[in-house]
Amino acid sequence: MKKYSDWSRGDKHYGRSGYSSREPHTSYRYQKSQTREEVLTPALKEHAISSSPMAMAVDFKTHVDQACRAAEEFVNIYYETMDKRRHAIIRLYLDKATLIWNGNVVTGLEALAHFFEMLPSSEFQINMLDCQPVHEQATQSQTTVLVVTSGAVKFDGNKQHFFNQNFLLTAHSTPTSTVWKIASDCFRFQDWANI
Amino acid sequence: MGSIERKQGTFRYTEYNGGESHALLGRKRGQISFLASTGKRKGRYEHNGRVFLPSKFQGDGGNVEMRDVLQDPSVRYTPYAMRRKSREDQIRRTVWKDGKPQNKEVRQHTDEMLGSWFKVTIPCGRKSDKTQLMKSVHSLCSMPFTAVDFHCDKHRIRFFVQDVSTACALKDVSYKMYDEDSQKIPVFVNPSDVPYSVLNRFTGEQMEQLKLALRKRYDVSQRALNLQKLHSDPDLVHHGIDMILTRRSCMAATLQIIQEDFPELLSLNLSNNKLIRLDSLFDVVEKAPQVKILNLSTNQLRTAWELEKMKGLKLKELWLEGNPMCSTFSDNSAYVRAVLDCFPELTHLDGRKLPLSSVMDIEEPQLMKPCKESFKGSEAIKNQLQQFLQEYYLIYDYGERQGLLRVYHDQACFSLTIPFNPSDPDLSGLCEYFKDDIDMKNPKEFYLQRQLLKYTKQDIVDFLRALPKTLHVLSSFQVDMCFQTDTMLCFSVSGLFKEVEGSSQGYIRGFMRTFIATLDRKSSNLCIVNDQLFLRNPSPDEIQGAFAVPLSTSCSTFKPVLSQEQQRMVWDFSNQSGMKLEWSQKCLEDNKWDYTKAAEVFTMLQTESKIPKEFFRQMT
């Protein structure tokens, strides 16, 4: 897939289409990433609670930063896995995760596995990415991040479509690390009505 | 300001938003961790020179660390894992399998060749697609490898690889693949002698001669290489080169030259070469991927099963006549079917055009048909959403956006993202949205990606109020309910809106908005905690689709039954009467949209205290 890899760098323009596609073999340089099927971060730390509004704003921005890093990392892995190691995509989902694909609802790991197997091979290109930490009141204190992406995808045998996708990622902590998994995934072609 | 933890080795902290390093402060319960960032953010995991152990120790569904991993002493014993040292450790004495005396050429080979070779065996079922299996192995394997001397029969695949690390990597693939019976497939890797074709590799000189001979047989205009009866080629015979293509070494040399000199090869003629098996041709898929025409006639191929090894080629024309396999079929159609099984896009077999019907059996991978509904919750929720959105956009478009304060949570979060596409001038209109925040003259900061993040409802509403006035096209709305629990809803709306003022007046924009709202069951109130907005320029098709089709027949889950006029009436009525929008609407509907009449009826009922309290908006 073409990556929006530049957008992580603060001073670069996002969504550039000047990214050259890689040949299959050169991507082996980054092979290490391919064995990753889950998204891990270091263990969550307890933070001091700050009180002044100014500090709260800084707090919040920090949180957003952190959320975004997790999101970015996740999105990288997700689309790469979708394109190159489709069989492993299921590991990124929670057991009870739900996928809504162009309006079709797919729930549970087994159904998801079947769905991804039947889905033709894909080539994703992400143009936009945004994320927000979800307010704890909505999630009953389960750390959650909302990630929204948009871009183009070409499925084998079909023409290219622009799509919008959003994920809810939840964090599960162990003493040493945090695993992020997809709790919900909603995908839709922008031109879904015209297919 | 505390310092950043650097437990996990060196990494560079990239600045975000040009800010300085952040303190490790957090929200109330510090739920989101501080993620150490690596300096190079190339979007892929970069191996910073650390030892990256094979995934053996991870068990099933391995968790893999994103950061540099320190060696874990509890790793299961893996004989090869620790020893990625020089090949001197691994040099084996080669034994000539067929007992032939060593050829002079072999002695000239370097240590590299004589280095560690490993035989990889993958047992698999009769029915499994060997080509597919090899593809899986390639993709699962953490290192690229070249399969030398590939051989497969019905029950297994066997090939050789050259060094220890590749062998380890391949070992890791074991039990990661599934066959048709969903059984895990093992991969056996054992040290072995040098494979045949490497052993009997052609010398440089021989290769040169071969190259010349092949070049003579290459037709540039047709991109065709005619290797018919290669063993009796006068040039080769003259130089004493025995090109018996059934021998792996010969075939390997040929393929190497093809890969180097004729990569665009379209047509390959291998007839009359006494080929018995096609194992050695397995590589042709990789080395001459563009081959569409293949002639294998008059060889010694015994079963159609041999063709499976070439499945990776997308052949259009194939010749097989004159092979023993042709007589193994009961009739011609069985023969054709078997061949088409391997090469579904074939149009000509043995020179004869295949009837269209057999060619049309290609199964195109089907995408699931999109559908508009994705509401799996109750009707009640669905209606609630409809109401909510209708009300939200009513306020947004017609009313004072100040009114939105009551739908946002105190600590709500809003972000706006717009793609930056220098080649799309229209998008500059969207710059309106950022006018206060970005220095537009400085291109470096002009990256329109998640630049706007507003926190707390006051900030959010202030920002929304500053946005240009809009008119949302409710008929273009597409609503997806992404996630719901007892206490929250996550849904996304996408559609179009028109800008009704400002420099971009008249422009149609596309948007996608994802809301997360807490649901108060008792009062059925939705309170937005997260709001994410994407703006983009819609395609002409979208615009046409939204405006051409009148209301309810459109592809929208959103049923705006009101015209603009009616919406305005509802809004005004609601303001004047103090009733919620839905009830204002009902009242107007009941009175056939006669505003004055509805007002009279309302006043009458109100004085009679017949209107329930719930009908009225809460005053915040």
Side-chain angles (χ1 to χ4, degrees), chain A residues 3 5 7-11 13-15 28 30-33 35-36 38 40-42 44 46-50 59-60 62-63 65-67 69 76 85 91 100 102-105 120 127-128 130 132-135 137-138 143 146 148 150 155-158 164 166 168 178 184 186 192-193 195, chain B residues 15-16 18 22 24-28 30-35 37 41-45 47 52 55 61 63-66 139 142-144 364-365 367-368 370-374 376 411 413 415 417 419-420 444 447 449-450 453 455 480 482-483 488 490 492 512 514 516 518 529-530 532 534 555:
Chain A
K3 289 269 179 27
S5 55
W7 85 269
S8 57
R9 286 185 236 164
D11 59 347
H13 295 160
Y14 296 161
Y28 288 135
Y30 301 103
Q31 280 283 325
K32 300 300 177 201
S33 69
T35 56
R36 284 187 293 164
E38 295 192 347
L40 287 192
T41 63
L44 298 174
E46 283 301 313
H47 297 299
I49 299 171
S50 44
D59 254 2
F60 180 69
T62 311
H63 260 160
D65 264 0
Q66 296 168 356
R69 291 200 169 105
N76 268 335
R85 298 184 311 135
R91 295 181 209 210
I100 300 171
N102 279 317
N104 298 297
V105 182
N127 299 330
M128 301 206 283
D130 195 351
Q132 288 179 17
V134 178
H135 197 284
Q137 197 171 335
T143 308
L146 168 68
V148 191
S150 173
F155 287 107
D156 202 20
N158 293 269
N164 296 323
N166 62 54
L168 280 174
T178 313
S184 109
C186 177
W192 64 272
I195 296 182
Chain B
E15 295 174 352
Y16 190 80
H22 300 304
L24 286 181
L25 303 173
R27 255 204 206 180
K28 282 200 188 120
Q31 285 143 351
I32 297 173
S33 72
F34 174 69
L35 300 173
S37 60
R41 304 277 225 93
K42 289 216 176 116
R44 289 205 210 228
Y45 176 71
H47 184 55
F52 188 88
S55 48
N63 294 333
V64 183
E65 301 286 329
M66 289 198 299
S139 68
S142 56
M143 287 185 66
E364 279 264 309
L367 282 183
M368 228 191 253
C371 67
K372 49 178 172 153
E373 286 290 315
S374 69
K376 45 186 171 62
Q411 291 165 346
C413 171
S415 68
T417 312
F420 176 61
K444 271 206 170 181
Y447 50 103
Q449 266 271 9
R450 225 196 108 320
L453 179 69
Y455 183 50
D480 269 322
C482 308
F483 193 72
M488 83 84 139
C490 173
S492 68
M512 169 160 118
T514 306
I516 298 184
T518 52
V529 290
N530 288 86
Q532 198 288 326
F534 265 163
C555 46

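In what follows, chains are A, B, ... by sequence order, proteins preceding strands, each numbered from 1.
Between A:V148 and B:M512 there is a side-chain heavy-atom pair separated by less than 4.5 Å. The closest side-chain heavy-atom distance from A:N164 to B:S492 is not below 4.5 Å.
B:C413 contributes atom SG, which lies 9.0 Å from atom CG of A:L146 (distance to the nearest 0.5 angstrom). Taking CZ from B:F534 and CG from A:N127, the interatomic distance works out to 9.5 Å, rounded to the nearest 0.5 Å.
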task: Carefully, step by step, assess A:L168 and B:C482 under the rule side chain to side chain contact (heavy atoms under 4.5 Å, CB included).
output: CA-CA 9 Å; A:L168 280 174; B:C482 308; 5.8 Å; no

message: Go through it in stages, so that I can follow the logic: the residues are B:T514 and A:D130, the test is side chain to side chain contact (heavy atoms under 4.5 Å, CB included), and I'd like the CA-CA distance, side-chain angles, deciding distance and then a yes or no.
response: CA-CA 11 Å; B:T514 306; A:D130 195 351; over 6 Å; no

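Contact record, B:S139 with A:R85: O-CD, 4.2 Å, taken as the closest heavy-atom pair. Between A:Q132 and B:N530, the closest heavy-atom pair is OE1-ND2, 2.8 Å.
Judged purely by distance below 3.5 Å, without hydrogens or angles, the side chains of B:T518 and A:Q137 never pair a donor atom with an acceptor atom.
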